[in-house]
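Following: one structure in structure tokens, then a few remarks.
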Amino acid sequence: MLEASNLECVRGERRLFAGVSFRLACGEMLQVQGANGSGKTSLLRMLCGLTPAAAGEVCWRGQPIGKLGEEFRGELCYLGHHNAIKEELSPLENLLAAAALAQESLDEDAALDALEQVGLHGRADLACRYLSQGQKRRTALARLVHEKRPLWVLDEPYVALDPAAVELVSGLVGAHLQRGGLAVLTSHQAVSVTAGALRELWLGTAAASYGRI
Amino acid sequence: MLEASNLECVRGERRLFAGVSFRLACGEMLQVQGANGSGKTSLLRMLCGLTPAAAGEVCWRGQPIGKLGEEFRGELCYLGHHNAIKEELSPLENLLAAAALAQESLDEDAALDALEQVGLHGRADLACRYLSQGQKRRTALARLVHEKRPLWVLDEPYVALDPAAVELVSGLVGAHLQRGGLAVLTSHQAVSVTAGALRELWLGTAAASYGRI
Amino acid sequence: MLISIRAVIGRDLRLAMRRQADILAAMFFFIIVVSLFPLGVGPEPEQLRKLAPGVLWVAALLATMLSLPRLFADDHRDGTLEQMALAPQPLGLMVLGKLIAHWLVAGLPLVLLAPVLGIQFDLSGDGLAVLTLSLLIGTPALSGIGAIGAALTLGVRGGGVLLSVLVLPLYIPVLIFGAGAVDATLTGLGPQAHLSLLGAMALGGVFFAPWPTAAALRVALE
Amino acid sequence: MLISIRAVIGRDLRLAMRRQADILAAMFFFIIVVSLFPLGVGPEPEQLRKLAPGVLWVAALLATMLSLPRLFADDHRDGTLEQMALAPQPLGLMVLGKLIAHWLVAGLPLVLLAPVLGIQFDLSGDGLAVLTLSLLIGTPALSGIGAIGAALTLGVRGGGVLLSVLVLPLYIPVLIFGAGAVDATLTGLGPQAHLSLLGAMALGGVFFAPWPTAAALRVALE
Amino acid sequence: MHWNSLAEFLAMGNHGFYVWGSVLVMAASMLAEPMLLRRSRSRLLARLLRQYRAEQTEARRQRAANPGRSRD
Amino acid sequence: MTNRVINWFRYASPQTFYPLAGKLIPCFWTLAGIFAVVGLGIGFLLAPTDAQQGEGYRIIFLHVPASWMSMFIYLVMAFWAAIGLAFHTRLSGMMASALAPTGALFAFLSLWTGALWGKPMWGTWWVWDARLTSELILLFLYIGFIALQAAIDDPRRADRAGAILALVGVVNVPIIYFSVKWWNTLHQGASVSLGKAPSMAAQMLWGMLFCALACWMYSIAIALMRVRNIMLERERHTEWVRALLAQAE
Ligand code: HEM
Ligand SMILES: Nc1ncnc2c1ncn2[C@@H]1O[C@H](COP(=O)(O)OP(=O)(O)OP(=O)(O)O)[C@@H](O)[C@H]1O
Ligand SMILES: Nc1ncnc2c1ncn2[C@@H]1O[C@H](COP(=O)(O)OP(=O)(O)OP(=O)(O)O)[C@@H](O)[C@H]1O
Ligand SMILES: [Mg+2]
Ligand SMILES: [Mg+2]
């Protein structure tokens, strides 16, 4: 489904990585690993089409994502370093607004249910400004609860979460894989998914192997 | 040295915690733990005197910190969720500026050395805007390398760091404790310090207040 | 398609309502700038009447401009803009939605206030009517042009003020025709010619601006 | 103590240099607003000469005001302000340092530009000299008063525009005496009285303002 | 008494519009303010009562559910 | 001595102030009503026609009290703000926020009645006269205060920020007033000049006095009403409000 071939990333005068290739099928998850600054975030943004690659190509269902455009974006769910939530709005409103933006239908009950699942019941109507760091991240992650699009790209989803929440998110990703979804994620913590195949990709000199896969 | 008695924290209509008391002596470290939103950040800010407590008192060397004022602040090093670095300045400039602000004397060589220790050599002169999330956090943490003030208050110092960096920071904290310093920190990861006594403080009851998680 | 525009408008309006201060404060800025002028140039009513169209239009322009930096900046900072760029519909449409919301929040209140402020400058009934009409037609153009500038300066160092440098020259035609319409009325010529030119600019601003804006946003996100 | 003020000034100036756009753009904003006016009100030189002091002063005031929201906002967002509040010296002193840096970056360029722009309005040599002098004395007061507003609206919803609502009324005396000094020169009365009042306000602004500002910053950090 | 007729009183020497315009707006706003306050007060009280009752029933339910265990 | 101080602070606590205010409100309303009837009766029924301005001058019975109140209330507000900053009493912040809307209302009414007066007397709704201008600025100051408080949701933060603003404002009000005054007179007189105040007949003076007293009583009553609302809202989790609610049930 998702295929990257010979990706190269150049930042400033630095070549972060080159020749990164992999292929990801349904039900598989790719964990991108590497030291700080090895280019994980850059790689993920390339996979989404946010940053152009210096060389190489990303294909989705066999076609380059640049060509697919909206068709590809309609199947992609990206979660970056930033939470993409508005501090003024409540978690509930944020969740509904995010769904509307992605042209998904999410009714209020489903949204409330999602928030409850990520442990924010009782906070659903409090402006996000007042939430703790971890609660903000949970709000952002609540999108995943009812997310049905096949490709998830998650950049350090576990940051700021407590262990219980980490487990919960792992469960969500596991369920997604079991449904036949794909996931690409980065994390400095060990990732345990309950289902699906886990593949790893090491960036940078740490393992001295571009594309061990 | 540092003593908190009966601290209470009220946010909005919620009482986050009450009756929190502890005493921390030289060479001891307190790890504050609790689920997301249990009030760890709030507690740390109280200990620094940034937020007034709803009830209770924080004392340093036997005197309330409100009275000590600058005297207390001169012995405190606080690192919050935010990195307190300017995106436009390079790590080197940021480090020097932070030292100047705290009225410490840090020469350029020492600063460069600190940056090298946190793994930023080669990046010392790049604007922080270009750094990765983890590298930004490392820049903020570089302050600790030559930090001699006795009380460190660190809010989730390990966030966004790779395992190597986590170890490095643990080593710094350990050395600080061995020198007779005090440290208060929060982290959702397990903390291992090489020296000094580790005490734990649990806030909130995850099960009771957050339902399913 | 319309649904997603509606969603964007709805969200932005809700945000504005939540902030309230935003709407009120844009209006007050307009009021205060207009009231500052007499303090700067002196209180003679004769002179003030002559200045009125220019001052009111310049103030409207500045008030709009001040609200521009936040048009995309908030969405950029917290990552919402990335989500919009990745949404399965043209970014231009969503920009159009944001534009409409921006006008409702930042443009319309100025139009409604203008007659009251005109009185402070001792304008006649006719003058007041044309002033209001010219603002009603002209402010959408201001929002449209402003959006391009806001997108171009997004995430750029010193964005806020750089924005005004980019946008103000483009605002000049709107200012000239807007103030010109009122002036023409006051001097007895008809305002029609000015107003129809203003209308053309407004249409262009609203339907043409979203596309370069969307392109600029994509560049900002790279 | 002086060392820490110096450190703050040095850091802020370095940041401004790094951003550059900031300084340049504030100046361009000033230039553009001043140049917009003749477009809005028509080109008669007689009338323009009368307007000159008012327009230049209002433009200086708006340009200063535009640079205010960023005075503390950046430091607040990235956590530097917390560090300042925890530094072992009075916060007021550091605010004073930031004020001085702000004036050097946002006030001084306006002073240097004023004579050039005054020529556009056909001001006499005397008028130009007094205009420049009045700006030199008055802009520190603008920075000082503005800092209070910036601190009060820090981290508050709709901060940017709320700030102008709070600050503009307080700016009025400065505007009146500043424009008044030039006016008095043009009409043949001496500017001394106005200028000395302006000086008193500037002293008050610089030495009094840092304390309420520091208090407001502590409130914002709570 | 200064006036000869009601009509004269209302005309106010041709300044009726201005005088009564002032009186009307001033009276209206000075009557509206307390009325709005009264309304917001009754709404506030109703809301607080609702919250209070909800809390009470919640507390009672919890006590019934796990007697012996005090709040944690 | 200490006893008295403690006593004083007892009344500064919302808990004791709330019922006290509740008892006082009807008294002030009654007084306001009486004074208003007397004042307006004198002003509109008994007072003679003014020689220069005809009947139009009767706006004075509304305009002057409103103008006075708008200025007084700002002073009182700043006073409470200062107390709040100095002693951290909860009541003072609440009083300041309770006064602001009423002050703004009076400033608006002063402008409105003044404009309606100006049209027949000067032939224009508005001139940039010193007094008028400073009243307008006063309205802006009120609005700034209200907007600032509305923009901060933590009441304690809102109180402190508002107090700082009110105090800065109160230092500025005289400066503004004199600067505006000077500004206007330095220019070669406006083409429309202020009609001199009518030489007042004794009846006018009494009328105005009673109207002003009515406005005072009104302001006190309104401020007490509003402060009671604010207290309930802010202290809804305290024991005394709960006791109150239990009673109401
Ligand atoms: C929008 C228009 C107006 C505003 C904002 C305004 C404002 C004020 C203010 C603030 C005061 C109290 C000042 C003081 O006591 O020193 C005042 C008093 C007064 N105003 Fe006005 N005014 C306006 C229009 C007028 C007009 C049109 C007249 C009459 C032709 C007028 C006549 C008076 C008089 C007689 C007093 C009482 C003077 C005194 O007690 O010293 N005002 N006004
Ligand atoms: N202009 C530039 N010149 C040199 N290096 C640059 C430039 N811009 C970015 N970089 C480097 O590019 C890298 C970006 O890395 P990226 O954000 O993808 O890292 P990451 O693997 O996500 O790291 P982290 O684990 O810290 O999130 C950093 O090492 C940064 O220093
Ligand atoms: N106005 C408010 N009303 C209700 N709750 C509030 C309000 N403001 C803050 N809170 C709550 O206060 C808590 C703040 O927690 P704090 O940031 O101290 O948590 P933390 O322990 O640091 O969490 P994390 O692990 O996520 O960083 C959050 O639970 C938040 O929901
Ligand atoms: Mg990264
Ligand atoms: Mg925290």
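Each chain gets a letter, A, B and so on, in the order the sequences are listed, and its residues count up from 1.
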Report summary line: Answer key: most heavy-atom pairs under 4.5 Å with chain A among B:G134, B:S187, B:P163 is B:G134

If you count the non-hydrogen atoms of other residues, nucleotides and ligands that lie under 6.0 Å from [atom1] in [X], is the total more than 12?
X      : atom1 : result
B:R23  : CZ    : no
B:Q189 : CD    : yes
B:E108 : CD    : no

Query raised in the report: Tell me, side chain or backbone of A:R137 under 4.5 Å from chain B's heavy atoms, or both, or neither?
Result: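 For A:R137, neither part sits under 4.5 Å from chain B.
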
Query - Under 4.5 Å from any heavy atom of chain B - which part of A:L161 - result: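 Both parts, backbone and side chain.
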
Report task. Report the C-alpha separation of A:N36 and B:R138 in whole Å, then their side-chain angles, then the decisive distance to 0.1 Å, and conclude whether the side-chain contact (heavy atoms from CB on, under 4.5 Å) test is met. Result -> CA-CA 9 Å; A:N36 289 140; B:R138 285 171 185 232; 2.9 Å; yes

Requested in this report: Might you point out which heavy atoms bring A:G37 and B:S132 nearest each other, and give the distance in Å?
Outcome: N-OG, 3.2 Å

Given heavy-atom pairs under 4.5 angstrom as the criterion, report whether the side chain, backbone, both or neither of [X] touches chain A.
X      : result
B:R14  : side chain
B:A164 : neither
B:Q135 : both

Requested in this report: With rounding to the nearest 0.5 Å, note down the distance linking NZ in B:K40 to CG in A:D162.
Outcome: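 Separation between the atoms: 7.0 Å.
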
Query raised in the report: If you count heavy-atom pairs under 4.5 Å with chain B, which of A:E167, A:Q133, A:E156 comes out on top?
Result: A:Q133

